[in-house]
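Scroll down for the structure; my scribbles are underneath it.
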Amino acid sequence: MADVHDTPFSSDDDRFHDECGVFGIFGRQDAAAIVTLGLHALQHRGQEAAGIVSFDGSQFHVERHVGLIGDTFTKQAVIDSLKGSRAIGHTRYATTGGAGVRNIQPFFAELADGGFAVAHNGNLTNAMTVQRTLQKQGAIFSSTSDTETILHLVAMSKERDLNARFIDAVRQIEGAFSLVALSSKKMIGCRDPLGIRPLVLGDLDGAWILASETCALDIIGARFVRDLKPGEMVVVTPKGIESIFPFEPQKSRFCIFEYVYFSRPDSSVEGRNVYDVRKKIGIELARENPVDADIVVPVPDSGTPAAIGFAQAAGLPFELGIIRNHYVGRTFIQPGDSIRHMGVKLKHNANRSMIEGKRVVLVDDSIVRGTTSQKIVQMVRDAGAKEVHMRIASPPTRSSCFYGVDTPETAKLLASRMSVKDMADFIRVDSLGFLSIDGLYRAVGEAARDNDQPQFCDACFTTQYPTRLTDHEGADNVRQLSVLATRA
């Protein structure tokens, strides 16, 4: 879910961010408390805001707050206000300018035949175009979120019942979407036809659950039933669950970066354990980019599983040469330049005893703008490293994501304007190596990438987008795609 008018990358952060996680439960008296726990497990998918909508048989209850789940939804008064046996929730990473309360999900509205709430993981690539059409028909938008577009499409549909109106709505949107919706009678889950973003089905003592990842099922002791299929819509009522396929069948294009970075290592995604895939990524990385070194050090925490795999394949010791401070967030107060210039040291510190006098291989998941990599390399050199080599557990990120990931515009991505050698010079390493796109595919269990029909969405690496980019035609980061494809 994104701000449809502006999706700038944070100027003080140099990591990718998935923009949300969703969770819903139907048929459990402590529904809101269960949703709170589920969202807590999905906190990595969004740390800036969260919301829950519940239904108690007669009315809906809504709580939406800025901040972490543990800081807002663990207060008993908040949970007690969310009465009912069914609820859906959302945790959000907001883009700059979109962090206000009006953009916190789930969105809720009273429609002609009752209340309706919707939460969304992904990004619609035609939301602005659809919004303009709806506004000409009299629709009034109260947020700048693409998700609200879905609410209006459902409200204005001429179809006979909610299922048909929901289908009518999702057939008009493009891009990536995993949706969880709630009415007075049912809970609905739906994935886009390409299955770009994850959504799983679970069961807790007879109560049906929808969640972005399996780790959210584990925290509440629920049973994993299955992944929703690409293009599938499930409808949960007191009578049970119904599966509907409202779209023409298409070849799946699941986001491959979920395996590299976004999903929690303890989740299983599309039948693959994420931790296992990341170790295999490290093994492929070592095979493709060998280096004479003394130790392998992960850039914590996302580089750790790949670094373990790299060390095993290379026959090198794995050491925690960088220690992460888990208690420094993006809201840390920086009172002056002397503190601000400490930069990455607020979050990471070199473990000198492990690094000094050694040839170090740093393993990280990706390079965005290169500013954080540059600071980490310098920190390791300052700790006495004899050599610093960097290995990246993904191909060079050459283009922006339009499917629910906060990324800089293409021109600000280091790999879009520099060769690997130039990037190595920029971050000041002795050598730099990236995993190949075929190596990434091998790590997730494919023999190689099918260039004619890619098995995943890998547009951030290959510039080969799986859907139309209706709202972005003519934009700078789209105009550059032909240049990047030629360069690749």
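For the atom pair Arg398 CZ and Leu413 CG, the distance stands at 11.0 Å (nearest 0.5 Å). We find the CD1-CD1 distance between Ile196 and Ile256 to be 13.0 Å, quoted to the nearest 0.5 Å. Interatomic distance, Gln172 CD to Leu134 CG, rounded to the nearest 0.5 Å: 7.5 Å. Atom-to-atom distance recorded for His65:NE2 and Ile52:CD1 is 8.5 Å, nearest 0.5 angstrom. Rounded to the nearest 0.5 angstrom, Ile367 CD1 and Ile392 CD1 are separated by 4.0 Å.
Nearest heavy-atom pair across Pro198 and Asn121 is CD-ND2, 4.1 Å. The minimum heavy-atom distance between Pro246 and Gly231, with the atom names listed, is CD-O, 3.3 Å. Heavy atoms only, all atoms of each residue included: Phe23 and Ala211 are closest at CD1-CB, 3.6 Å. Here the closest heavy-atom approach between residue Ile25 and residue Met187 is recorded as N-SD, 3.6 Å. Scanning both residues, Ala127 and Asp146, for their nearest heavy atoms gives CB-CB, 3.4 Å.
Side chain to side chain, Arg165 and Asn163 fail the donor-acceptor criterion of an N or O pair below 3.5 Å. With no hydrogens or angles considered, no side-chain donor-acceptor pair links Thr125 and Asn123 at under 3.5 Å. Side-chain N/O atoms of Glu174 and Thr470 include a donor and acceptor closer than 3.5 Å. With hydrogens and angles left out, the side-chain atoms of Gln131 and His152 include no donor and acceptor closer than 3.5 Å.
Ion pair Glu63/Lys83 not flagged as a salt bridge, since none of the NZ, NE, NH1 or NH2 atoms sits closer than 4.0 Å to an Asp/Glu carboxylate oxygen. Between Asp205 and Arg28 a salt bridge is recorded (basic side-chain N to carboxylate O distance below 4.0 Å). The residues Arg449 and Asp458 are annotated as salt-bridged, a charged nitrogen and a carboxylate oxygen being separated by less than 4.0 angstrom.
Using a 4.5 Å cut-off on side-chain heavy atoms (C-beta onward), Glu148 and Ser142 make contact. Looking at heavy atoms from C-beta onward, Arg324 lies in side-chain contact with Asp301 at the 4.5 angstrom threshold. Proximity of His120 to Ser145: side-chain heavy atoms (C-beta onward) are nowhere separated by under 4.5 Å. No side-chain heavy atom of Val200 sits under 4.5 Å from any side-chain heavy atom of Leu228. Taking 4.5 Å as the limit, some side-chain heavy atom of Val269 sits within range of a side-chain heavy atom of Phe254. Contact annotation: the side chain of Gln464 approaches that of Pro454 to within less than 4.5 Å [non-hydrogen atoms, C-beta and beyond]. For the pair Phe60 and Leu182, the minimum side-chain heavy-atom distance is below 4.5 Å. Within the 4.5 Å cutoff, side-chain heavy atoms of Ser394 are placed close to those of Phe461.
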task = Dump the intermediate steps for side-chain hydrogen bond (donor to acceptor under 3.5 Å, both in side chains) on Asp56 and Ser58, then the final yes or no.
result = CA-CA 6 Å; Asp56 65 5; Ser58 60; 3.1 Å; yes
* To do: Show your working on side-chain contact (heavy atoms from CB on, under 4.5 Å) between Asn325 and His348 and close with a plain yes or no.
  => CA-CA 6 Å; Asn325 180 356; His348 300 96; over 6 Å; no
Next item on the list: In sequence, state the C-alpha distance, the side-chain angles, and the governing distance for Thr36 and His40, and then conclude on side-chain contact (heavy atoms from CB on, under 4.5 Å).
Entry: CA-CA 6 Å; Thr36 299; His40 199 282; 5.8 Å; no
Q | Test side-chain hydrogen bond (donor to acceptor under 3.5 Å, both in side chains) applied to Thr467 and Tyr403, step by step | A | CA-CA 10 Å; Thr467 75; Tyr403 302 115; 2.8 Å; yes
(Q) Using side-chain hydrogen bond (donor to acceptor under 3.5 Å, both in side chains), reason through Asp192 and Ser178 one step at a time and then give a plain yes or no. (A) CA-CA 6 Å; Asp192 67 78; Ser178 285; 5.4 Å; no
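For residues 225-244, the set of pairs meeting the salt bridge (charged side-chain N to carboxylate O under 4.0 Å, His left out) definition, not counting sequence neighbours, comprises Arg226-Glu232.
Ring pair Phe166/Phe116 is perpendicular by interplanar angle, where above 60° counts as perpendicular and below 30° as parallel. Between His472 and Phe402, the two ring planes are tilted [angle within 30° to 60°]. The aromatic rings of Tyr259 and Phe456 stand perpendicular to each other, their planes meeting at an angle above 60°, with 30° marking the opposite boundary.
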